[in-house]
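Along the sequence shown, the residues carry numbers beginning at 1. Just so it is clear, the structure is predicted and the values come from calculations on it, not from any experiment.
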Amino acid sequence: MAFSVPILFLLVVGAIVLSKGPLGQALADRLRGGPTGDARLADELDALRGEVHELRRELAEAQERIDFTERLLSRGRDEQKVH
């Protein structure tokens, strides 16, 4: 029992000191579900998400063009086989 009081005291003091520092603030933000990084990183992440969305749109458009070209080419081959 005599050892548990100083250990408990150190744990409480350590938790208070930790909570006031940047590591403690980041941990508290994460537990609350708040921001885990600074605004610059969040902006960069949003920009990257926008670029990925645009690249996916462009890829889908290119795939549609390839499909269209393949259909045209296969029609030409089918017409040559008939003659």
J.: Starting at NE2 of H53, measure out to CG of L48 and round the result to the nearest 0.5 Å.
T.: 14.5 Å

J.: Against V52, only a single residue in R56, E54, R49 fulfils side chain to side chain contact (heavy atoms under 4.5 Å, CB included); can you say which?
T.: R56

J.: Which value, rounded to the nearest 0.5 Å, describes the distance between D43 atom CG and R40 atom CZ?
T.: 9.5 Å

